[in-house]
Structure formats: C-alpha cells, structure tokens
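Below is one structure, written out as structure tokens; comments come after it.
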There are 4 protein chains.
Amino acid sequence: MNSSAAIADSDTPLRRRRKQARPQELLDAALALFVEKGFAATRADEVALRAGVSKGTLYLYYPSKEELLKAVIAHFLSARIAQAEAALAEVSGPVAPALRAMLSAWWMALYDSPASGVFKLVITEVRNFPEIAEFYLRQVVDPAHALLGRALQMGMASGEFRRVNIDDAVHSLVLPLIMLCLHRHSLGACAADSRLEPMRFIAGHINLVLDGLAQPAPN
Amino acid sequence: MNSSAAIADSDTPLRRRRKQARPQELLDAALALFVEKGFAATRADEVALRAGVSKGTLYLYYPSKEELLKAVIAHFLSARIAQAEAALAEVSGPVAPALRAMLSAWWMALYDSPASGVFKLVITEVRNFPEIAEFYLRQVVDPAHALLGRALQMGMASGEFRRVNIDDAVHSLVLPLIMLCLHRHSLGACAADSRLEPMRFIAGHINLVLDGLAQPAPN
Amino acid sequence: MNSSAAIADSDTPLRRRRKQARPQELLDAALALFVEKGFAATRADEVALRAGVSKGTLYLYYPSKEELLKAVIAHFLSARIAQAEAALAEVSGPVAPALRAMLSAWWMALYDSPASGVFKLVITEVRNFPEIAEFYLRQVVDPAHALLGRALQMGMASGEFRRVNIDDAVHSLVLPLIMLCLHRHSLGACAADSRLEPMRFIAGHINLVLDGLAQPAPN
Amino acid sequence: MNSSAAIADSDTPLRRRRKQARPQELLDAALALFVEKGFAATRADEVALRAGVSKGTLYLYYPSKEELLKAVIAHFLSARIAQAEAALAEVSGPVAPALRAMLSAWWMALYDSPASGVFKLVITEVRNFPEIAEFYLRQVVDPAHALLGRALQMGMASGEFRRVNIDDAVHSLVLPLIMLCLHRHSLGACAADSRLEPMRFIAGHINLVLDGLAQPAPN
DNA sequence: CATGAATGAGACTTCATTCAT
DNA sequence: AATGAATGAAGTCTCATTCAT
C-alpha cells in the first residue's frame with residue numbers, strides 16, 4: 001500500500017510465501033511420518049527434515065511434538081466432513097441411489113488422499129492423549145454418524161429400507177471403509193493383496209449394505 | 001489328568017513352576033501394554049512390573065523388546081484360527097444359519113478376550129517391523145480369508161447366496177468386526193458410545209451382510 | 001599467518017570455533033581415560049565430562065564408544081611416524097650416530113606426550129576389536145619396522161654393523177622402548193621405581209643395542 | 001585315617017578330586033579370558049562356563065570377580081621366579097654363558113605357557129587395582145631385578161662385561177622379552193608376523209645384549 | 001556342594017527441547 | 001525468522017551378585 005510496505009513486500013516475497021506455507025508443510029510431513037512410523041517412533045528431526053526446515057524451526061510453529069500431533073489430527077478432517085454434510089443436504093427423492101453415488105465418491109477421494117491416514121493416527125494414539133478422543137468424537141464421529149443416521153432414517157421412512165437398528169446399520173456401512181483406510185497404511189503398505197481392490201470394494205460394500213437394507217427381508 | 005503329570009506337578013519345585021509360567025505371564029502383560037500405549041511408548045520395565053518380575057527377568061525370556069513384540073503377535077492367534085477352521089469344517093446343509101451361529105460366537109468370544117488387541121498391534125506396528133507382515137499374512141489373513149471364502153462359495157453353489165465378488169463379500173463381512181476390536185482398544189476405551197453395542201452389532205452386522213447376500217437381488 | 005586465515009578466525013562465532021575444537025578435545029579426554037582405566041571400564045560420561053561437554057555431545061561427534069576408540073588410535077600416530085620417516089630420510093654418512101640422535105629424540109618426545117599411551121591401548125584392546133589390528137599393523141608397525149630395517153641395512157652395508165638378523169635387531173631396539181611407554185602408563189603410574197630413569201634408559205638402551213651391533217663380534 | 005574319613009573318601013572320590021581341582025580350573029579359565037578380553041569385558045559366566053561349572057560355583061571359591069583377578073595374578077608367578085633363583089644360584093665360573101643358557105630356557109618356557117599372559121593382565125589392570133601393583137612389585141619385579149642385577153654385577157666384577165648402568169642393562173635385557181609375551185597375547189594373536197620368530201628372537205636378543213655388554217666398548 | 005533363576009544398579013545410547021548465534 | 005549445537009532425562013539392555021532349591 002504505502003512505500004514501506006511495498007519495500008517490505010518486494011524485499012521478501014518468497015520468504016513470506018514460504019513462511020505462510022510452513023504450517024501446512026509441517027502438518028503434511030508430520031502426518032506422513034506419524035502415520036507411517038507411529039507418533040512415539042517419529043523423531044522431531046525427521047518431521048523437520050521432510051518439511052525442509054531445521055529442527056528449531058519446527059518449534060517456532062508448534063510448541064511440542066504433542067501439540068503438533070493434535071494439530072495434525074484437527075487439520076485433516078474439518079473440510080471433508082463439512083463437504084459431506086453439504087452433499088447429503090441436497091438429496092431429495094429416493095435416498096439409496098443418492099447415498100450410493102455420494103458415499104462412493106467421498107470415500108474414494110478420501111482413500112486416495114493422505115488424510116486417510118488420520119484414522120490410523122487416531123486409533124493408535126487416542127489412548128495416550130485423551131484430549132484427542134474428545135475432539136475427534138465431537139468434530140468427526142458425532143457429525144458423521146448423525147448425518148448417515150438421518151439418511152438411513154429417511155430411507156426407512158420412505159419405505160426404501162426395512163427397519164433395522166439404525167446405529168448398527170451406520171456402523172456396518174462405515175466401519176469397513178475406515179478399516180480399508182487403516183489397511184492402506186498398515187498391511188496394505190507392506191504387501192499387495194490381490195483379493196482387495198480398494199475402489200471395487202468401496203462400491204461393492206456400499207451396494208451390499210444398501211442391498212441388505214432393502215425390502216423385503218430375505219432368508 | 002494322568003498320574004505322571006500329577007506327580008510331575010507336585011514334584012516340581014516352586015522355581016521350576018514359576019519359570020514355566022513366565023513366558024505366558026510376560027506375553028499377557030506385554031499384550032495389554034503394547035495395545036494400550038503402543039509398542040514404542042511402552043517401557044520394558046512396565047512390562048516386567050505388570051508381569052510381577054524385575055526388568056532383568058524379562059530379558060531372560062526374550063532377548064529384546066522387539067522379539068517380545070513378535071512373540072506376542074505370534075502367540076495370540078494360532079489357537080483361535082485353528083478352532084474356527086474346525087468349526088466350519090463340520091458344516092453340512094444350509095451354510096447361512098451355520099455361518100450366523102458360528103461367526104457370532106467366534107467373534108463375540110474374541111472381542112471379549114485380550115487377544116482382540118492383537119489387531120491394533122498389527123495395524124500399528126507392521127510398518128516398523130516388516131517381518132510381522134509376512135507372518136501375519138501367512139498365519140492369519142490367508143487361512144481366515146480362505147476359510148470364509150469357501151463357506152460363501154458353498155452358499156452360492158447351493159443357491160442360498162446370489163453371485164457377488166467373493167473376496168469383497170468376505171471383506172464386507174469381516175472388516176467391520178476387526179474394526180470393532182480396534183475400536184474397543186482405542187476410542188472405545190476412552191469414552192462409552194451408546195450407539196455401539198458390541199454384541200448386538202456383531203449379530204446385527206453378520207445378519208445384515210448375509211441378508212445382503214441372499215437371493216434375490218433387491219432394489 | 002595470512003590475512004584470510006586471520007579474518008576467518010576473528011569472524012568465526014564462538015559456537016563454530018568450539019565445534020571445530022571438539023573432536024580434538026574429545027580425543028584427548030578419551031585417550032587419557034582409555035589408557036588409564038581401559039576401554040571397557042571407562043564410561044562415556046567420564047569422557048564427556050573430562051572434555052567439558054555433556055554426554056549427548058560426545059555422540060554428536062562419534063556415533064559410539066567403539067568408534068571413538070578407533071578414532072583415538074588412528075589419531076595419535078600418523079604425524080609422528082611421518083616425522084620419523086622424514087628425519088631418517090635425510091641421513092647420509094655413518095648411520096650409527098644419526099640413529100643414536102634421532103631415535104633418542106623421537107622416543108623421548110613420544111614418551112613425554114600423551115600419545116605414548118596408545119601403545120597400551122592397542123595392546124589391551126586389539127583382540128576385542130580386530131579392525132584395530134589391521135589398521136595398526138598397516139599404519140604403524142609396517143612403516144616403522146621398514147624404516148628401521150633400512151637404516152640397519154645401510155649400517156651393515158657400510159661395515160658399521162656386523163651381520164645379524166635385521167628383524168630381530170629392529171625388535172631388540174624398539175620393543176624395550178615400547179615397553180617403557182607401557183610401563184609409564186601401568187606400573188610406572190602406580191609406584192616410582194628408582195631403578196628406571198626413563199630418559200637415561202632410552203639413551204642407554206639405544207647405545208647398548210647399537211654397540212651390540214658394532215664390529216667386531218665380541219665374546 | 002579313621003573309618004568315617006575312609007567312608008567319606010570312598011563315598012566321593014571323584015567329587016573330592018574335582019573339588020580340589022576346582023580352584024586351579026577356575027584360575028586357568030580366568031587367566032585365559034582375562035588375558036584375551038580384558039578383565040572388565042570378561043563376564044563371570046564365561047569364566048564359569050570355561051571351567052565347566054555354573055556361575056554360582058565360581059562364587060563359592062572366590063567372593064568376587066576382583067578377588068579372582070588377584071588370585072590369578074598371584075598364582076601364575078611364584079613357582080617360576082623361585083625356579084629362576086635356584087638356577088642362577090648354582091652359577092660358578094663365567095657368567096655370560098650361564099646367563100645365555102638359563103635365560104633362553106626360562107623365557108622360552110614361559111612364552112609357551114599360559115602364564116605369559118599375566119604380563120598383559122598386570123599391564124592392563126594395575127591402575128584399576130592398585131593392590132596389584134604392590135603385590136607384583138614385591139613378589140615379581142624386585143626379586144627378578146635383583147637376581148639379574150647380581151648376575152651382571154658378577155660379570156662386571158670378573159671383567160666379562162664392561163661397566164654400564166646395571167639397572168638399565170637389566171631392563172634392556174628383560175623388557176623386550178616381556179614385550180614379546182605381551183605381543184603374543186595382543187597383536188600376535190590377531191595376525192602372524194613373519195618378521196618375528198619368537199624362539200629365534202629370544203636367543204638372538206639375549207646374545208645381542210650380552211654382546212653389547214662384552215668388552216671392549218666398540219664404536 | 002552345586003545350581004541357575006532372579007535381581008537391580010549401572011552402562012550405552014537416543015531424542016525432545018532449548019538457546020546463542 | 002531460522003539454525004543447529006548442546007543438553008540431560010529417559011530408555012534399552014547387561015551383568016555381578018545373591019539365594020532358594
């Protein structure tokens with residue numbers, strides 16, 4: 001705006017841009033390493049090295065390794081949950097086809113992104129850092145569960161689905177997809193398994209559960 | 001049972017008897033702590049303390065913490081897989097009811113036992129110790145997957161089930177139950193969740209998937 | 001000496017300057033302690049303490065106690081051997097007087113320096129770390145033996161010395177002087193011995209052996 | 001003597017014999033290991049194992065590892081010193097030939113026996129256990145030095161030897177032979193050295209020094 | 001006497017965190 | 001703001017010594 005600002009800007013444009021990008025770069029590096037090796041087995045130097053900064057710089061942005069962990073978990077969630085809520089809010093008419101399409105797309109995108117590792121991180125570390133449990137339940141589990149519960153409820157109300165325990169059905173639908181993300185970052189990273197084709201499984205599983213929910217009860 | 005065993009028992013001096021029980025006690029303690037805190041965050045002294053021995057004694061039985069981990073993973077698996085194979089081998093006639101009964105019982109018992117924690121341990125540590133991947137795949141994943149695959153195959157051959165991808169179906173059936181065990185030792189250990197009733201979910205999920213597999217394809 | 005070095009020195013911040021001096025300080029401390037107490041009986045903390053740094057700093061410079069040992073042995077040798085080679089290379093004319101002067105000076109200086117302890121270190125530790133054997137033989141024993149062997153050979157060729165086994169003569173000349181260094185760091189450090197006056201013995205022994213080599217063979 | 005003793009004897013003749021042999025077996029094992037690996041780096045179990053007994057038994061005979069070390073050093077010395085004194089006491093007539101014969105025989109036998117390792121042990125450990133210094137000086141160094149000093153004195157008195165510092169001459173004579181024993185248990189145990197033929201060197205060195213002492217002063 | 005299971009102090013080494021530059 | 005040298009608490013593992021059998 002004024003000349004001094006202009007000078008400051010032109011003085012360090014790259015530095016400023018890098019400085020602003022630092023937190024994201026550190027979070028990316030931390031996520032990758034925490035997911036791969038576990039929180040306790042990841043050294044602070046490794047995170048800094050992967051983010052391209054020195055060890056000291058890491059501590060300029062996060063006061064401790066533990067705070068970095070919490071930031072990682074908090075960061076890689078919010079946007080996606082909100083996005084799912086928006087997508088389901090627009091559904092009108094038969095709920096099953098909409099769920100099929102929307103869930104497949106959402107989980108496939110998540111599976112393919114580094115954010116899929118957050119599940120492993122939460123599973124692994126939540127008992128050592130109870131604050132994480134509360135945060136994760138409030139910010140992720142509760143909204144997502146409620147979202148899907150409402151969708152299934154709508155399907156039952158409309159007669160598309162038969163009446164079963166809604167909470168169980170949500171879990172039947174979602175737990176294997178979470179498990180798939182866990183697998184990607186554990187056994188799946190060690191050895192390929194021809195029996196498990198992730199994209200096919202995501203679609204197939206959603207179909208299977210929605211079919212299981214559909215009228216009439218068989219067997 | 002037989003007299004020689006009885007004599008051996010009463011003959012066995014206390015030292016000898018304790019020595020024989022040590023490995024099991026150490027494995028129990030190690031499983032509980034590794035599952036709760038993670039391998040890297042568990043101190044060798046803690047394991048020893050929980051097993052009621054000194055730190056040095058632990059190293060009399062396992063040459064390193066890592067070997068202890070491997071022993072834990074190898075130990076809490078074999079018997080249960082074999083038992084499941086035996087149970088399914090006896091099935092004749094309609095396969096769906098047998099699966100319902102047998103799977104429910106097997107998973108409920110596993111869920112309630114400390115062995116359920118091994119899943120968390122494998123998920124968490126397999127990338128740091130690649131040996132574990134091979135062992136686990138060969139000794140647990142492969143046999144169990146083959147077992148269930150054969151059962152579903154029989155159901156399709158007899159017309160009980162419609163034809164879907166068998167591998168996916170096995171995963172749809174099993175992954176949520178593994179996820180349930182993971183949950184028990186992570187979030188579930190931090191906060192009760194009234195939406196998830198483990199025993200109800202085990203039965204409900206098995207029903208849901210088997211229903212989803214049943215003829216005719218709905219929707 | 002030159003201006004750029006002077007500038008570099010005065011420019012160098014304290015941290016940098018200390019970092020450059022660290023290896024030498026650590027090697028000095030390690031030599032003193034390893035020679036005094038033995039490698040196995042010296043604790044890493046002691047070395048660090050004597051060098052004026054913390055335990056962790058030691059490991060910033062040497063990755064393990066064993067590598068520190070190897071560095072100590074490698075360090076306190078090279079210069080002196082090279083210096084001896086240079087001194088003997090200049091000899092022309094009668095070899096005996098030159099040897100008398102040069103050997104006396106060289107061994108007296110060595111005896112008085114901490115480097116004399118390296119002999120004890122090698123004697124003591126070589127069987128536990130076979131790498132040391134190869135290094136020491138190639139870098140110290142072989143060059144030094146060859147050097148003296150050539151000198152005695154010259155003396156025999158010129159008729160100054162009578163013909164005896166050259167290797168034995170080298171050993172007769174050198175082994176007591178090494179033994180004197182060992183003594184300084186073992187029994188000699190515990191109790192004074194009026195019978196052994198180091199400087200007198202160095203000169204006396206060299207004379208005795210060169211006299212023993214001189215023409216004609218007596219007795 | 002009496003019947004109970006007879007019974008005891010016939011009761012456990014083998015055991016008694018082994019029990020009496022135990023201290024010697026333990027000392028042999030300890031000497032070999034202490035010389036090879038050093039005192040601090042030798043584990044008590046290793047000594048017991050090499051002696052064919054259990055770890056506990058070692059402590060029945062020696063109250064601590066340190067006491068075992070002292071016993072080892074004290075044990076492998078006495079007889080040989082006494083024997084040397086007896087041999088030199090008988091000398092009459094020219095002393096040089098007698099010294100040549102007697103010293104060669106004595107050092108060759110010592111070099112070939114495990115007792116040669118004691119020198120390394122003393123050199124290595126004397127600073128950690130000052131008691132050893134006093135014992136070794138009184139029991140070994142002083143008598144042996146006095147013995148040889150008297151012999152050289154006789155040679156000078158009779159005109160066989162020219163007059164030099166007697167203490168230095170004793171050291172010139174003896175230190176290389178000690179050094180040879182050290183070498184056998186350090187570098188010599190790691191790599192053969194064709195330049196050093198022990199038996200040839202023992203004889204050659206003794207000749208060289210006695211020649212160096214002989215009349216007239218050359219050079 | 002002899003054993004060997006058990007102990008726990010103490011060694012080496014790592015790594016989260018600090019701070020002078 | 002950024003660095004990286006330095007620290008020292010804490011962890012894994014060893015081993016001299018004890019003692020119940």
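Here is how names work: the chains are called A, B, and so on, in the same order as the sequence lines, proteins then strands, and each is numbered from 1.
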Between [X] ([atom1]) and [N] ([atom2]), how many Å, whole number?
X: Leu60(A); N: dG4(F); atom1: CG; atom2: P; value: 13 Å
X: Asp45(C); N: dC12(E); atom1: CG; atom2: C1'; value: 8 Å
X: Leu58(B); N: dT7(E); atom1: CG; atom2: P; value: 11 Å
X: Leu33(A); N: dC15(E); atom1: CG; atom2: C1'; value: 15 Å
X: Phe39(B); N: dG11(F); atom1: CZ; atom2: P; value: 14 Å
X: Leu49(A); N: dT3(F); atom1: CG; atom2: C1'; value: 14 Å
X: Tyr61(A); N: dT3(F); atom1: OH; atom2: P; value: 9 Å
X: Lys19(C); N: dT21(E); atom1: NZ; atom2: C1'; value: 15 Å

For the side chain of [X], counting heavy atoms from C-beta on, which of [options] is nearest?
X: Arg43(D); options: dT17(F), dA16(F), dT7(F); answer: dA16(F)
X: Tyr59(A); options: dT14(F), dG4(E), dT18(E); answer: dT18(E)
X: Ala44(A); options: dA16(E), dA11(E), dT12(F); answer: dA16(E)

What contact category does Tyr62(C) fall into here, base, sugar-phosphate, or nothing, at under 4.0 angstrom with non-hydrogen atoms?
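Answer is nothing: Tyr62(C) stays at 4.0 Å or more from every strand.
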
Check every strand shown and say whether Lys55(B) touches a base, only sugar-phosphate, or nothing at a heavy-atom separation below 4.0 Å.
base

Counting only Watson-Crick pairs (N1-N3 plus N6-O4 or O6-N4) and G-U wobbles (N1-O2, O6-N3), all under 3.5 Å, who is the partner of dG11(F)?
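Here dG11(F) is engaged in a pair, and the nucleotide opposite it is dC12(E).
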
Which nucleotide, if any, forms a Watson-Crick or G-U wobble pair with dT21(F), using both distances under 3.5 Å?
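Because both required distances fall under 3.5 Å, dT21(F) counts as paired with dA2(E).
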
Taking the six-membered ring of Phe135(D) as reference, does the NZ or CZ atom of Lys70(D) fall below 6.0 Å from its centre and within a 45° cone about the axis?
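No, Lys70(D) does not sit over the ring of Phe135(D).
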
Contact check, side chains of Asn128(D) and Phe39(D), non-hydrogen atoms, under 4.5 Å
no

Give the minimum heavy-atom separation between Leu58(A) and Ala48(A), together with the two atoms involved.
CB-CB, 4.5 Å

How close do Val35(D) and Gly117(D) get, counting heavy atoms only, and between which atoms?
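In terms of heavy atoms, the two residues are closest at CG2-O, 3.3 Å.
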
Comparing Glu66(A) and Glu66(C) on DNA chain E - which has the more 5′ nearest nucleotide
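Its nucleotide being nearer the 5' end, the pick is Glu66(C).
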
Let me spell it out: for each of Arg22(B) and Thr57(D), pick the nucleotide of DNA chain E with the closest heavy atom. Which residue's pick is nearer the 5' end?
Thr57(D)

Reading DNA chain F from 5' onward, which residue's closest nucleotide shows up sooner: Gly56(A) or Lys65(B)?
Gly56(A)

Should Arg50(C) and Glu25(C) count as an ion pair when the cut-off is N to O under 4.0 Å?
no

